[in-house]
Number of protein chains: 2
Amino acid sequence: MSFPRRYRRTVTDRASAAGDQARARVLEVALDLFAAAGYRGTSIAQVAELAGLSQSGLLHHFPSKVALLVAALDHRDEIDGRLLEVDSQPPLGWAAFDALIALVRRNSQRPNQVRLFVTLSAEAIDPAHPAHDWVQQHYAGVYAWLTAAVEHGLDAGEFRSEVPVERFVHLTIAALDGLQIQWLVSGGELDMVGDFGAYVAAQKTRWGPVGG
Amino acid sequence: MSFPRRYRRTVTDRASAAGDQARARVLEVALDLFAAAGYRGTSIAQVAELAGLSQSGLLHHFPSKVALLVAALDHRDEIDGRLLEVDSQPPLGWAAFDALIALVRRNSQRPNQVRLFVTLSAEAIDPAHPAHDWVQQHYAGVYAWLTAAVEHGLDAGEFRSEVPVERFVHLTIAALDGLQIQWLVSGGELDMVGDFGAYVAAQKTRWGPVGG
DNA sequence: GTCTATAGGAGGATAGAC
DNA sequence: GTCTATCCTCCTATAGAC
């Protein structure tokens with residue numbers, strides 16, 4: 001099956017379909033390996049081998065290891081879609097916490113993705129790490145997203161006015177990250193979804209509206 | 001200042017005092033560098049240089065990089081002393097949580113030690129990592145220690161009987177680990193001690209005795 | 001777009017002198 | 001106990017053929 005000539009995109013237009021396929025394979029493998037051994041613990045040769053092309057072939061698509069990392073992170077964000085948004089709108093108030101539970105449930109089905117994030121976050125605490133900016137922006141983004149949700153909930157009367165917003169957000173993010181680590185170390189035995197769900201339920205009781 | 005001859009330990013008895021000094025310097029530096037860049041991101045040559053001896057000189061004391069890592073982890077446990085014990089007795093009930101707050105306060109004064117633990121834990125999720133067993137045992141130990149404390153508190157009437165012990169322990173450990181990561185990523189700006197203290201205070205309200 | 005070949009460097013570990 | 005010298009492996013990246 002092939003397109004009629006006039007529908008074909010020219011080479012100068014953009015990469016070929018075969019090239020796209022190779023690119024996609026490389027990104028999938030890179031995500032897995034970076035997840036399994038971190039950025040520094042993974043060689044581009046390993047990625048290339050598992051993706052079924054030579055090291056040089058890989059470097060044709062991603063000119064350096066850093067470029068591959070950045071592309072892999074962007075790819076992750078892309079396939080993540082916008083799980084934390086609904087119809088391009090972020091959920092507000094307690095709905096944001098329900099969205100987080102859904103995220104944890106989804107994460108519990110893809111340990112390698114979780115491992116990529118945990119491994120890379122730790123590695124990239126070092127300011128000299130190529131993903132340092134990415135990690136800082138990631139945390140800043142999550143913090144801003146969750147803070148906005150809580151503050152909106154406050155305005156809407158979904159939260160008691162005494163809720164210490166900043167500490168509350170810090171602890172919620174900590175619960176997410178900390179449970180992920182224990183879940184990974186335990187080899188998936190820990191009930192991450194149940195534990196985080198219990199956390200959210202407790203918070204609803206403590207910080208929900210007085211009459212709730 | 002030197003010991004009279006008869007008090008000197010012979011060479012065959014054990015390593016010389018100079019050797020001990022070099023060994024100690026190497027361990028201190030190794031802790032710092034492993035903390036800053038992780039195990040895989042640190043070379044023994046770097047450790048040797050900062051410790052003031054050659055790479056081969058280092059390998060005379062620690063025959064391989066893995067041996068150095070294990071020695072450094074043991075050294076960390078040693079200088080940690082037994083902060084979580086008082087008079088060789090672990091605190092029980094809510095006293096265990098107060099001991100954790102003290103631990104967090106102490107950790108907030110030594111970012112490199114925290115970084116070593118966070119970086120290494122993430123790296124060592126990989127079963128092929130030389131510190132994999134160490135990390136698993138670390139988490140198992142903390143879990144057992146905290147579970148025992150809560151169960152003892154239950155018997156003593158310090159906790160409501162409805163407390164979900166396992167989830168409670170998971171979430172407490174998660175709060176510790178998760179706050180450490182955010183604290184490191186923020187460059188120390190996050191109020192880790194205050195956040196964890198607020199967490200413990202909230203738990204005392206929620207799971208403390210009914211009349212408390 | 002993919003390959004082989006190779007440059008250029010860093011890391012871990014060993015041999016042997018002092 | 002510490003050193004210099006060296007080996008070998010692995011890694012990133014480049015050059016150039018097909």
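All figures in this text were calculated on a predicted structure; none of them were measured in a lab.
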Return the value, rounded to whole Å, for the distance between atom CD of A/Glu49 and atom P of C/dC3. 12 Å
Should B/Asp32 and B/Arg110 count as an ion pair when the cut-off is N to O under 4.0 Å? no
Tell me which residues in residues 55-72 of chain A lie within less than 4.0 Å of DNA chain D, going by non-hydrogen atoms. A/Gln55, A/Ser56, A/Leu59, A/Ser64, A/Lys65
For B/Pro111 and B/Leu184, the nearest pair of non-hydrogen atoms, with its separation, is O-CD2, 4.0 Å
If I take atom CZ in residue A/Phe34 and atom P in nucleotide D/dC11, what distance separates them, rounded to the nearest angstrom? 13 Å
So what is the end-to-end bend of the helix from C/dG1-D/dC18 to C/dC18-D/dG1, with 5 pairs used at each end and the value given to 10 degrees? 0°
Could you tell me which non-hydrogen atom of B/Asp191 sits nearest to which non-hydrogen atom of A/Arg167, and how far apart they are? OD2-NH1, 3.2 Å
Would you indicate, yes or no, if D/dC11 has its OP1 or OP2 atom less than 4.0 angstrom from a side-chain nitrogen or oxygen of A/Ser43? yes
Could you tell me whether B/Ser54 contacts a base, only the sugar-phosphate backbone, or nothing, with contacts defined as non-hydrogen atoms closer than 4.0 Å? base
Check the distance between C/dG12's C1' and B/Ile44's CD1 and give it to me in whole angstrom. 5 Å
Atom-to-atom span, CZ of B/Arg40 to C1' of D/dC11 - whole angstrom: 15 Å
Quick one: does B/Glu151's side chain get under 4.5 Å of B/Phe159's, heavy atoms only? no
Just say parallel, tilted or perpendicular for the rings of B/Phe34 and B/Tyr39, cut-offs at 30° and 60°. tilted
Shortest non-hydrogen pair, A/Thr119 vs A/Gly38, comes out as CG2-CA, 3.4 Å
Minimum heavy-atom separation for A/Val66 to A/Pro130, with atom names? CG2-CB, 4.0 Å
A/Trp207 vs A/Leu154 side-chain heavy atoms within contact, under 4.5 Å: no
Could you state the atom-to-atom distance from CG of A/Asp20 to P of C/dG1 in whole Å? 8 Å
